[in-house]
Q: 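I have a structure I would like to understand better, so I am pasting it below and will then ask my questions one at a time.
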Amino acid sequence: MNKTAQVGELHKPLSRDFYARDPRVVSRDLLGKVLVRQEGKNLLAARIVEVEAYLGEGDPAAHAAAGRTPRNAVLFGPPGHSYVYFIYGNHYCFNVSCLPDGIAGGVLFRAPEPLAGIEEMAQARGVSIKGKSDLRKLTSGPGRLAEAFGITRTRDNGKDLTRAGSDLFVADDGFHPPSVQTTVRIGITKAAKRPLRYVIAGNEFASGPKP
DNA sequence: ATATCGATTATCT
DNA sequence: GATAATCGATATG
């Protein structure tokens, strides 16, 4: 398998079937895939290294836990649609709906490794990249990821990520993560002990303090 | 109409 | 390590 991204694959979204499974399975399979934003001529791409699974009614930490509301309706809809919400008055978080239509569940994208469109991401984030280690400032954390990719609720909530030609989707370029680590989820107070955070082991671009 | 709080981050000390 | 910033969804009156 090629080490570099097979750019030819970067216009082909993952299928609806991929997302129509348990969020824990989708989470694990999303690691190593490539998140793509295609805005006309501009291409933003980043390899997913950290995600979290949020289950439906049985998961107190999930937005879907209290049942369907206008805000979380996407999570109850068909799989492969983006769920974007605003948090702490400052940040957007980007998720994808999982499981068949009518059953809630989703995956939160927490951190990817930037591959293409570095300049555009830095501009969107309002930071400058001097050294290689500064790349972490672009997308290391859900709020940063959303800002780097220009993801907002009005623009992207409810978007079908599996549609051919969508400007926002996830692609498989053949990369396979060497090893996957699971930990507890970050920043939640309910069901805080469940090991539903998935990280490519030892990856530099995962959120949190650098080891 | 008003109060509460959150799947975060930047910027202090 | 602690906290301010700051919006909107939701619950309650």
Side-chain angles (χ1 to χ4, degrees), chain A residues 19 22-28 30-31 35 46 48-77 79 81-99 104-114 121-130 133-159 161 168 170 181-199 204-211:
Chain A
Y19 298 105
D22 187 287
R24 287 163 289 198
V25 179
V26 177
S27 290
R28 189 170 286 269
L30 275 175
L31 291 179
L35 177 64
I48 299 161
V49 306
E50 178 188 359
V51 297
E52 284 177 2
Y54 285 87
L55 316 182
E57 328 266 334
D59 181 4
H63 286 181
R68 183 179 192 138
T69 68
R71 177 210 199 187
N72 65 22
V74 175
L75 292 173
F76 289 81
H81 287 248
S82 71
Y83 169 53
V84 181
Y85 64 90
F86 197 60
I87 191 73
Y88 297 129
N90 291 336
H91 306 286
Y92 290 99
C93 292
F94 170 55
N95 306 247
V96 59
S97 61
C98 298
L99 296 169
V107 174
L108 168 68
F109 293 81
R110 288 193 57 89
E113 168 181 353
M121 291 187 200
Q123 190 173 345
R125 291 273 299 115
V127 300
S128 65
I129 304 299
K130 297 184 185 67
S133 65
D134 286 344
L135 286 176
R136 293 186 85 257
K137 295 193 289 198
L138 294 181
T139 57
S140 182
R144 291 166 165 177
L145 183 166
E147 189 170 32
F149 274 76
I151 293 171
T152 66
R153 184 172 159 78
T154 49
R155 181 181 183 191
D156 298 304
N157 190 47
K159 188 170 281 181
L161 303 183
L168 185 64
V170 182
Q181 185 179 6
T182 64
T183 76
V184 296
R185 292 175 291 187
I186 308 283
I188 58 172
T189 55
K190 304 162 197 161
K193 295 186 70 172
R194 288 185 159 207
L196 296 178
R197 174 171 174 258
Y198 298 77
V199 193
E204 300 282 316
F205 292 89
S207 69
K210 196 176 160 186

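Everything numeric in this text was worked out from a predicted model, so none of it was measured. Below, chains carry the letters A, B, ... as their sequence lines are ordered, and counting in each starts from 1.
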Q: Separation of A:R194 atom CZ from B:dA7 atom P, in whole Å?
A: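 To the nearest whole Å, that distance equals 15 Å.
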Q: Find the partner of C:dA9: check Watson-Crick (N1-N3 plus N6-O4 or O6-N4) and G-U wobble (N1-O2, O6-N3) distances, both under 3.5 Å, and reply none if neither fits.
A: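 With both distances under 3.5 Å, C:dA9 matches B:dT4.
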Q: Considering only NZ, NE, NH1 and NH2 on the basic side and carboxylate oxygens on the acidic side, decide whether A:E204 and A:R136 come within less than 4.0 Å.
A: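 The answer is no: the pair does not qualify as a salt bridge.
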Q: Separation of A:Y198 atom OH from B:dA7 atom C1', in whole Å?
A: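 From A:Y198 OH to B:dA7 C1': 15 Å.
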Q: Does B:dT8 have OP1 or OP2 sitting under 4.0 Å from an N or O in the side chain of A:R110?
A: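 Looking at the OP1 and OP2 atoms of B:dT8, one of them is under 4.0 Å from a side-chain N or O of A:R110.
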Q: I need the CD1-C1' distance between A:I188 and B:dG6, as an integer number of Å.
A: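 Rounding to the nearest Å, CD1 of A:I188 and C1' of B:dG6 are 12 Å apart.
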Q: Atom OH of A:Y88 to atom P of C:dT3: distance rounded to whole Å?
A: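 A:Y88 atom OH is separated from C:dT3 atom P by 15 Å.
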Q: Taking 4.0 Å as the cut-off, does a side-chain nitrogen or oxygen of A:R197 come that near to OP1 or OP2 on B:dA7?
A: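 False: A:R197 side-chain N/O out of range (4.0 Å or more) of B:dA7 OP1/OP2.
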Q: Rounding to a whole Å, what distance do you find between A:L138:CG and B:dA10:P?
A: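 So the two atoms are 11 Å apart, to the nearest Å.
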Q: For A:Q123, does the CD atom sit with more than 12 other heavy atoms under 6.0 Å from it, leaving out its own atoms?
A: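 No, the 6.0 Å shell around CD holds no more than 12 heavy atoms from other groups.
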Q: Consider only side-chain N and O atoms of A:S27 and A:E52, and report whether a donor and an acceptor are under 3.5 Å apart.
A: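 Note: A:S27 and A:E52 side chains miss the donor-acceptor criterion.
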Q: Between A:R144 and A:T139, do the side chains contain a donor N or O and an acceptor N or O under 3.5 Å apart?
A: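 No, A:R144 and A:T139 have no side-chain donor paired with an acceptor closer than 3.5 Å.
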Q: Can you identify which nucleotide, out of B:dA10, C:dT10, B:dT8, has its nearest atom closest to the A:T69 side chain?
A: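 My answer, after comparing the listed nucleotides, is C:dT10.
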Q: With centres under 5.5 Å and planes under 30° as the test, does A:F86 stack with C:dG8?
A: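 Stacking is absent between C:dG8 and A:F86, given that the ring centres and planes do not meet under 5.5 Å and under 30°.
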Q: In whole angstrom, give the distance that lies between atom CD of A:E147 and atom P of B:dA7.
A: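 Rounded to the whole Å, the gap is 20 Å.
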Q: Closest nucleotide of DNA chain B for A:R144 versus for A:T189: which of these residues is on the 5' side?
A: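 Of the two residues, A:T189 wins.
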Q: Atom NE2 of A:H91 and atom P of C:dA4: how far apart are they, to the nearest Å?
A: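 Atom NE2 in A:H91 sits about 15 Å away from atom P in C:dA4.
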Q: Counting only side-chain heavy atoms from C-beta out, which of B:dT8, C:dA9, B:dA7 sits nearest to A:N90?
A: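 When the side chain of A:N90 is considered, B:dT8 is the closest of B:dT8, C:dA9, B:dA7.
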Q: Less than 4.0 angstrom between a side-chain N/O of A:R125 and OP1 or OP2 of B:dT9, yes or no?
A: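 Indeed not, no polar side-chain atom of A:R125 lies that close.
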Q: Rounding to a whole Å, what distance do you find between A:I87:CD1 and C:dA5:C1'?
A: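 So the two atoms are 14 Å apart, to the nearest Å.
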Q: Heavy atoms from C-beta onward define the side chain here; which of B:dA7, C:dA9, C:dT10 lies closest to that of A:Y83?
A: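 Of the options given, the side chain of A:Y83 lies nearest B:dA7.
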Q: Establish whether the base of C:dA9 is bridged to the side chain of A:Y85 by a donor-acceptor pair shorter than 3.5 Å.
A: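 In this structure, the two groups form no donor-acceptor pair.
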Q: Pick base, sugar-phosphate or nothing for A:R71, based on heavy-atom distances below 4.0 Å to the nucleic acid.
A: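 The answer is sugar-phosphate, as A:R71 gets under 4.0 Å only of primed atoms, P, OP1 or OP2.
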Q: Could you check whether A:F86 and A:H91 have their ring centres less than 6.0 Å apart?
A: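 Between A:F86 and A:H91, which both carry aromatic rings, the centre distance is not below 6.0 Å.
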